[in-house]
Structures are given as C-alpha cells and as structure tokens.
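Keep in mind that what you see is a predicted model, and the values were worked out from it rather than measured. Every chain is numbered from 1 and lettered A, B, ... according to where its sequence line falls, protein lines coming before strand lines.
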Protein chains: 2
Amino acid sequence: MIIATIRDVAKRAGVSVATVSAVVNNSKPVSEPLRQRVQEAIEALGYRQNLLARALYTKRTMTLAFLVPSIENPFFAEVLRAVEETAHANNYSVFVGSTNGDRAKVEFYRDRLIALGVDGVLTVLSWDVVSSDLIPALQAYEIPVVGVAGSRTLPNIDCFVSDDFGAGEQAARYLLGLGHRQIAFIGSKDSQTTVLRYEGVKSALSKSDIEPDPSLLITVDGYEEADGSRAVSELIVQNSEFTAVVAFNDVMALGALSAFEDQGFSVPERLSVISFDDTISGYTRPRLTTVVCPKHDLGAKGVAKLLARIEGDDSPPQIHKLPTRILARESTRSPWVAHYV
Amino acid sequence: MIIATIRDVAKRAGVSVATVSAVVNNSKPVSEPLRQRVQEAIEALGYRQNLLARALYTKRTMTLAFLVPSIENPFFAEVLRAVEETAHANNYSVFVGSTNGDRAKVEFYRDRLIALGVDGVLTVLSWDVVSSDLIPALQAYEIPVVGVAGSRTLPNIDCFVSDDFGAGEQAARYLLGLGHRQIAFIGSKDSQTTVLRYEGVKSALSKSDIEPDPSLLITVDGYEEADGSRAVSELIVQNSEFTAVVAFNDVMALGALSAFEDQGFSVPERLSVISFDDTISGYTRPRLTTVVCPKHDLGAKGVAKLLARIEGDDSPPQIHKLPTRILARESTRSPWVAHYV
DNA sequence: CTGAAAGCGCTTACAG
DNA sequence: CTGAAAGCGCTTACAG
C-alpha cells in the first residue's frame with residue numbers, strides 16, 4: 001500500500017498543502033467548498049497525518065512518559081492506569097519505562113525520551129532517578145517533569161505524594177475511635193515512609209493524651225510478608241500490652257496476621273490489625289482494614305499538572321499531599337470484650 | 001538553552017552534516033581525525049540526535065506499542081514488565097495503551113500509533129481489539145502485529161498464548177498423582193479459557209481411565225471471588241463425592257476457600273484446591289497450589305518475534321502455546337486420610 | 001574518505 | 001480565504 005501524504009491530498013483536491021493542513025488541523029478558516037473537497041480527498045486516499053513530521057516543526061509530539069521503579073508493583077500499576085486514562089482523555093499517548101533501580105536504565109530513558117521529543121515526563125522519585133541527572137537533563141530541554149508517589153519529593157518540580165503523616169494519624173484515630181489505647185506499630189527500617197506514618201500515629205495518640213510507648217514500635221529490615229511475621233515475634237517478646245497493631249503495609253500485615261494466628265491470638269477478636277496501601281488487603285483472612293492511598297488520584301493529578309506545565313503554566317512548583325482514607329474491613333474491632341494481656 | 005542540531009556540530013567541527021551523521025550512526029567509514037573533531041564538537045555542544053527527524057527519513061522510530069484490556073490487571077502488568085524489559089534490551093521504547101473493552105479507544109490507538117510511526121505492536125487479543133479493524137489497519141501500513149495472552153488467537157498473525165489445555169491436564173495430573181479420583185471443576189460461563197482448561201482436566205482424567213462426572217463441573221457467571229464462593233455452594237448441593245477442586249483462577253479459588261471454610265470443610269485436610277494464574281495465590285491461607293502461566297515468557301517472546309518481523313522475518317505466522325507449570329503450595333494434599341462424603 | 005544537494009511529511013509566516 | 005516558499009533536523013544516494 002502506498003501511503004498518502006499531504007501532497008497527494010492537495011493534488012487530488014486541487015488545492016495547496018497549506019489548505020489541506022488548515023483543514024486537517026482546523027487551524028485557519030477555509031471556505032466550505034474547499035474544505036469539502038479536501039475532506040473527500042482525505043477519505044478517498046485514506047490519508048493520515050504524520051505526527052512525526054508535524055512534530056519536527058511544532059515541537060509537540062503529543063506523547064508523555066511515565067517512569068517507575070517496577071511496573072508489576074500493583075501500586076504503580078494502578079498509578080499507571082490513571083496516567084494512561086488521563087493522558088488519553090487529553091489526546092496524549094504514554095511511554096512506560098521501568099528503571100528497576102538501575103542507573104544505566106535511567107540514563108537510557110533520559111537520552112531516549114529527549115531524542116523522541118516527549119512533551120513531558122512523570123516519574124516516580126526513586127533513588128536511581130533522583131541520583132541521576134535525568135531531571136536536570138529533561139529541564140535543559142524544557143521538558144516539564146513531575147514527581148509522583150513514593151514519599152520522596154524534590155523542591156524544584158511539582159510532586160504528588162500521598163500524605164503519609166496524615167495516613168498514620170488516620171489509622172491511629174480509627175483505632176482510637178474503636179476504643180484502643182495501646183497501639184503497636186510495625187514498620188521497615190530505613191523507610192522514610194515508615195517514619196512519616198509512625199509520626200502520624202504518635203501525633204494522633206498525643207492528641208488523645210496517650211503517651212506513645214516506645215516498646216510498641218518495632219522496625220525490621222525489609223517489608224515483605226516474612227518481615228511482618230518477624231516483627232510480630234519481636235513485638236510479642238516485648239511483653240508489653242497492646243490491643244491493636246498498625247502495620248506498615250498490606251504485605252507485612254499479612255505476615256503479621258499469620259504470626260498472630262500461629263501464636264493463638266485471633267484477629268480481630270483479641271487483636272485489631274490495620275495496614276496501609278490497599279493492595280492485597282482484600283484477599284487476606286480476615287480481610288484487612290487498611291488506609292487507602294490515592295493511587296488513582298496520584299496519577300491523574302500528576303498528569304493534569306504535567307499537561308498544564310506543557311501548556312505554559314509557570315507557577316512555582318508545589319508539593320501536593322493527597323489525602324488517604326480508611327477502608328474498614330474485618331481485621332479491626334473494639335477491644336472492649338477481650339484483649340491481650 | 002539552545003538545542004544543538006547536526007548542523008551546529010558540523011559547523012563547529014568544520015565538516016559536513018553528512019560526516020556528522022556518519023559518525024553518529026556509525027554508518028560509514030570516517031577518518032580518525034574527522035571522527036575525533038566531530039566527537040569533540042558533540043561533547044562541547046551537548047548534541048543529541050533527534051530521533052523524530054531521523055525517523056522521517058528512515059521510517060524507524062525504535063518504538064513499540066503494547067495494547068492491553070486493563071493495565072492494572074496483575075497478569076498483564078507482569079506481561080508488560082517483560083515487554084518493557086525485552087524492548088529496552090533491544091534498544092526500543094514502548095507505548096502502553098489500555099483499551100478497557102472500549103472500541104473508541106481501540107480506534108484512538110489505531111490512528112495514533114500509525115501517526116506516531118511505531119515500528120510494531122503487541123496486543124492482547126481482547127474482543128474490542130479483534131472486532132475492530134486495528135490489526136488490518138496496522139498491517140496496511142506494514143506495521144507488524146503480534147497477539148499475546150488471552151486464549152484467543154488469530155490465524156494471520158503470530159500469537160503467543162499459554163497452553164490452557166495443557167494447564168488443565170497438568171492440574172488434574174497433579175491431583176491424580178496425589179491420589180485424587182473425584183475431581184470437581186469450577187469455572188466461568190462463556191469463558192473460552194474455562195473450556196480449554198476443563199478439556200485438559202477431562203483429558204487427564206480419561207487417560208487415567210476415570211470417567212469425568214458432569215455433576216462435578218460447575219460454571220457460573222463472572223470470575224471474581226464471590227463467583228467462586230457461589231460455585232462452591234452449587235457444587236455442594238450437587239451432593240456428589242469429590243476430594244479435590246480445580247478452580248478457574250486464583251481469585252475464584254479464594255472465594256472457594258472461604259466457602260469451604262464456612263461449610264466446615266478444611267483445606268487441604270478434607271479437600272484439595274488448585275487454581276490457575278499465580279496472581280494472588282501466595283497470599284491466601286492456605287496458600288494455593290496453582291498452575292503458573294508463563295506471563296514473562298509471553299511478553300518476552302512476543303516482543304522477540306515482533307522485532308524479528310520488524311527486521312524482515314516473513315515466515316508464516318504461527319501460534320505459540322507456551323507451557324505452564326505447577327507451583328505446589330499448601331492447598332493440596334493426598335486424600336488418603338479423610339475426604340468429603 | 002568527504003560534501004553538496006535532495007528529500008522525508010509537515011506547518012507557518014508572508015504575500016496576495 | 002488561498003498558495004508558494006522556507007524550514008523543522010535528519011539521511012542517503014551521488015559525485016568527487
């Protein structure tokens with residue numbers, strides 16, 4: 001098949017290419033008769049605009065890129081979904097790049113995205129990204145960048161993160177509302193998010209005039225299921241009283257649930273467990289009450305801001321902390337009846 | 001910042017743009033002194049090749065697209081991961097498009113991907129895609145297409161699917177090996193995959209001289225957790241004997257697990273349960289034994305074939321059924337001790 | 001080995 | 001309202 005160009009259309013319609021361009025892009029007034037003839041020629045030839053050739057002149061490709069540390073992570077997959085949706089709704093297409101903590105890959109995307117002329121990039125501010133020169137390089141080419149998800153932020157670009165401190169407060173307030181007073185926290189060492197969420201918990205406790213008990217904070221290496229189980233073991237040997245535990249994420253909470261069951265503490269009868277993220281929390285037994293991150297909003301608002309920047313928005317960059325919400329399920333309950341002593 | 005073009009580099013190095021092009025693409029021999037000067041000019045100017053301008057002439061953008069019905073589905077997320085990995089390893093970038101069963105979106109991507117000049121597209125053969133003219137349109141522009149995942153295939157393009165019939169056989173053989181004879185199947189109505197997997201189960205049964213009992217096949221609408229529970233209820237009222245159940249997917253199996261527990265049938269002590277896909281099967285209690293789909297291979301091999309097509313491979317299109325494998329966990333056990341009567 | 005020139009498919013001042 | 005022309009940043013015959 002021979003691919004029709006704007007010139008072919010012009011010839012068939014008996015007009016100039018400028019006129020064809022004007023009707024295709026609706027960029028200038030064109031008289032009805034000519035418009036008609038052009039349209040017919042387009043149909044007849046099956047003409048399609050070549051966006052690449054167009055971009056050469058306009059510097060706009062109508063493409064965006066989204067960079068994540070790992071695509072298959074359900075959290076990012078959900079953000080990606082919102083990114084694609086929002087981009088599509090605004091007539092943009094999106095490249096996905098997974099960086100996997102690999103600086104070389106970050107550099108590959110840095111070079112490639114510039115070479116491909118993307119109009120903007122949304123990126124998770126993972127360490128590999130932040131420690132490379134991706135962002136300044138993009139900015140040197142006047143390609144807007146916005147950061148998203150993760151708790152890390154950067155001062156010189158717009159960032160959309162979930163409010164981890166607020167999430168911690170929310171979790172604790174929920175438990176407090178149920179009547180819990182002795183609330184443990186299990187988290188991951190070296191995780192900024194753990195810190196923030198725990199600070200939120202402490203804040204809520206303080207507001208209820210409860211002195212946070214340091215022996216009720218357990219942090220372990222890693223943030224997988226086994227790490228959650230391990231944290232629970234450590235918690236139990238502390239021998240402090242508690243009626244509820246806040247787990248850093250769903251997966252650790254799953255491990256915690258198993259550990260409690262193994263030790264004969266039934267959830268939620270004797271102990272309440274609450275987690276964060278809402279990834280697998282609907283699949284555990286009991287189903288976990290969790291603090292839901294605004295994954296969809298993160299992607300949607302991130303893209304919206306990116307598009308605004310592309311359109312010329314030059315207001316100062318801001319950090320946007322999006323609110324979380326409690327999704328109550330089966331793992332939490334009032335401690336009135338019985339509790340662990 | 002002023003963006004350096006090939007002309008700027010040529011000027012600074014005192015050579016022609018043809019020479020710069022030759023060294024950048026390593027497409028022609030260039031004398032060492034000139035190469036040197038060009039390299040220096042490139043460094044000094046921070047020159048980067050504009051792939052769009054290049055593509056205008058070469059018709060190659062080094063981009064691929066991957067179309068899925070839903071990005072956030074963990075199954076496709078995993079395929080996407082392999083797609084991105086393989087593309088990157090071969091110096092390609094990838095657009096992701098989610099079609100969501102929406103024909104209009106399929107058409108958007110059809111037009112856009114052509115306009116953007118992608119070199120090839122990998123697509124899940126969901127109904128929206130197959131019922132649109134996406135594939136013929138792409139082919140008219142000589143853009144190679146390969147189909148992936150899902151059980152649907154098309155005769156005129158390369159397809160990579162997991163071997164559902166084989167997966168069913170595998171599941172049944174595994175149960176048979178454990179000593180089970182009365183094996184139930186719960187699946188989804190109107191699912192071609194259900195049919196294939198069940199056929200595989202029957203085949204394995206027949207090979208062991210076991211007559212498949214039709215009352216042990218339950219199909220329901222939908223394929224979510226609640227549907228799995230419902231299927232189990234229906235199965236129980238059949239009042240037929242069985243010691244194991246094969247569930248169409250992990251999520252239905254989760255529902256089945258709950259239903260069995262509610263009815264007082266403990267898994268795996270009284271009943272074995274096996275599922276397919278390995279999405280959430282590691283998170284259930286007991287952890288589900290499952291038949292793992294070659295999600296990563298699907299993506300990796302699909303892209304590899306696509307690249308071969310781009311490079312000119314014109315062998316006849318083929319359907320590739322990739323083998324599955326059993327991942328044994330806690331939900332299956334020999335029925336010798338006790339079983340449901 | 002090197003370069004001048006044409007051309008890839010568009011858009012947009014500019015002139016009419 | 002319409003069109004001729006220049007130019008976006010590259011590559012590749014072609015000639016030397």
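- Across all strands shown, D:dT2 forms a Watson-Crick or G-U wobble pair, both distances under 3.5 Å, with C:dA15.
- What separates CZ of A:Arg54 from C1' of D:dG7 is a distance of 16 Å, to the nearest Å.
- Salt-bridge check for B:Glu142 with B:Arg60: failed, with every basic side-chain N at 4.0 Å or more from each acidic carboxylate O.
- Atom OH of B:Tyr57 and atom P of C:dA6 are 13 Å apart (whole Å).
- Dashed line: the shortest gap from a side-chain N or O of B:Ser31 to OP1 or OP2 of C:dC1 is not under 4.0 Å.
- When the P atom of C:dT12 is taken as reference, atom CG of A:Asn26 falls 13 Å away, rounded to whole Å.
- Look at CZ on A:Arg48: it is 16 Å from C1' on C:dG9, rounded to the nearest Å.
- Side-chain atoms of B:Asn25 and B:Gln49 form a donor-acceptor pair, as typed in the model, at a separation below 3.5 Å.
- Side-chain proximity of A:Pro29 to C:dA5, D:dC1, C:dG9: nearest is D:dC1.
- Using a 4.0 Å heavy-atom cutoff across all strands shown, B:Leu34 reaches sugar-phosphate atoms only and no base atom.
- Within the nucleic acid shown, B:Arg35 has no heavy atom closer than 4.0 Å to any nucleic acid atom.
- Distance CG (A:Asn50) to C1' (C:dT11): 13 Å, rounded to an integer number of Å.
- Computed from coordinates, the A:Lys28 NZ to C:dA15 P distance equals 13 Å when rounded to whole Å.
- For the pair B:Ala53 and B:Glu32, both in contact range of DNA chain C, the more 5′-proximal nearest nucleotide belongs to B:Glu32.
- When all heavy atoms are compared, the tightest approach of A:Val161 to A:Arg152 is CG1-O, 3.9 Å.
- Note on A:Lys59: only backbone sugar-phosphate atoms sit closer than 4.0 angstrom, heavy atoms only; bases stay farther off.
- Computed from coordinates, the A:Ile6 CD1 to C:dT12 P distance equals 11 Å when rounded to whole Å.
- If you check C:dT11, C:dG3, C:dC10 against the side chain of B:Val15, the one that comes closest is C:dG3.
- Of all nucleotides listed (C:dC10, D:dT2, C:dA4), D:dT2 comes nearest to the side chain of A:Val30.
- Remark: P of C:dA4 and NZ of B:Lys11 are 13 Å apart, rounded to the nearest angstrom.
- An OP1 or OP2 oxygen of C:dT11 is reached within less than 4.0 angstrom by a side-chain nitrogen or oxygen of A:Asn25.
- No salt bridge links A:Glu78 with A:Lys295; every basic N to acidic carboxylate O contact stays at or beyond 4.0 Å.
- A:Thr5 has no side-chain polar atom (N or O) that falls below the 4.0 Å cut-off from OP1 or OP2 of C:dG9.
- OP1 or OP2 of C:dG3 has at least one side-chain nitrogen or oxygen of B:Thr19 nearer than 4.0 Å.
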Go through A:Thr63 and B:Phe95 one step at a time and tell me if the side chain to side chain contact (heavy atoms under 4.5 Å, CB included) criterion holds. CA-CA 9 Å; A:Thr63 62; B:Phe95 284 108; 3.7 Å; yes
